[in-house]
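Nothing here was measured: the structure is a model prediction, and the numbers come from that model. One-based numbering, in listed order, for ligands and for the atoms of each.
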Amino acid sequence: MAKEDYIATIGLEVHVQLKTQSKMFCGCPVKFAEPPNTLTCPTCLGLPGALPVLNGGAIERTILAGQLLGCETPEVVKWDRKNYFYPDMPKNYQISQFDLPLCLGGGVPLYDLAYPKDAQKDIANPGKVVKLTRIHLEEDVAKSTHHSTFTTIDFNRAGTPLMEIVSEPDIDSPEEAFAYLNSLRQILIYGDLSDADMEKGQMRCDVNVSVRPKGQEELGVKIELKNLNSVSAVRRSLHYEIARQIEACENGETLIQSTRRWDDDLGETSEMRTKEAAHDYRYFPDPDLLPVRTAVMVAKVQINLPELPHTKVARFESDYDITHYDASVLASERALADFYEAAAKGVKSPKKVANWVINNLLAFLNEQSLTIDECPVAPEKIGVLVDLVEAGTISNNQAKEVFAALLETPDEEPAAIAKAKGFEPADAGEIDSFIDQAIEANSGPAQEVRDGNDKAANFLTGQVMKLSRGKANPKVVTETILQKLRS
Ligand code: ZN
Ligand code: MN
């Protein structure tokens, strides 16, 4: 059989560190890059006799995640001990949720721009929503660092609230897995639930993948991939692993359920361990924690739901009269969307501001590898700058120069920079005489304009721009030419 005769099935388990002030079951602060083992107490060190206390903020944030992803929250949820021997977890169990998690069902909508750039033109299933099984809340483990002959352990991370988002085996390709992670991250950031940076370990992903011949109902042998530290690593590892599994099937090998490790430098997976059967975690209800009734918290969360990316896109399209694509670009990051709205506030043409942000500002930020939060220029000044063009005070090319200067001296006002550069609106009488000159010298094109050809007007405008040495505003010139020749 050929490669095309197989289908892949992918499911993702994503752990996300929640943005909370304190840990899940104690009052220790959640902070990064502090000296090791300085943010600990008997509870998060797992010392005998220490008792856990629930973090209500973490529970509310998990419920909010569920609300944003269309999940149901059971009326009562409970806490269970998940037992295993683990060097990072001195209690030798993790407090997690087994049969009554905070969220059930729901799904992650895949946004077009969340796909890899090279795959956006060719999306197999546009508008797909990947089904979720559940989201539960648990505690993070400590962080081990392996040295040459010994290992150190830092308990600052132990007990950080960790949300586990489990998808159904509903993802069909490495590109969909990539889009899933980006879309999920976007929604979590919109909800201010986590920074969800995979490279910083705030979002960690385990992948399950199997292949089977087309037409076969039963899923193939499930293989788990570990050590995936970026969204693109997930995509690459899946491409490798799907090809490997298909080749194994073609060679008549029997795949066995196992866990494989992705090596990002080599670009291949290798076997870590084969799974005997499903792990026996001997879950049982944690006797130190009472079940939680959720109704009050669900109601509280629902009062103040943040706008979701796709809702924002629709609103931008109608409020600002911009294209779906532009709205999607602007809403692809919450910070960028906020920047645009601040820039477009009260301006003559929000559409022009959108163009400016997308074409000029984002290009600059990309070039300099800056995030929108690091943008030196205040959004309001972008709005003012675009207004100067709209008012005919400066031309578009002059505005680009003002913008470049503004990036150097962001405290200055765009109008002041324009004035200092001598970008005053050209003398109207002078421009008017240039227009008359251009019409007189180009009787052919002038006649074409009279006959209704707009392109010929552009030619005349070009002549006026030359005569005025770029000082005239091309938009105003074209309007005047049309007025003169067609009235
Ligand atoms: Zn603690
Ligand atoms: Mn987990």
Test item: side-chain donor near acceptor, S194 and Q17, under 3.5 Å
no

Going by atom types only, do H239 and E175 share a side-chain donor-acceptor pair under 3.5 Å?
yes

Main chain of I153, side chain of K143: is a donor-acceptor contact present, judged purely on distance under 3.5 Å?
no

Compute the angle centred on the Zn ion (ligand 1) spanning SG of C28 and SG of C26, and express it rounded to 10 degrees.
110°

Kindly confirm or rule out a cation-pi arrangement of K400 over F403, judged by NZ or CZ under 6.0 Å from the six-membered ring centre and within 45° of its axis?
no

Cation-pi check for Y283 against K82: NZ or CZ below 6.0 Å from the six-membered ring centre and within 45 degrees of the axis, yes or no?
no

Would you verify whether the NZ or CZ of R81 falls within 45 degrees of the ring axis of Y93 while also being under 6.0 Å from that six-membered ring's centre?
yes

Everything protein-side that's N, O or S and under 2.8 Å from the Mn ion (ligand 2): list it, residue and atom.
H15 NE2, E138 OE2, E164 OE1

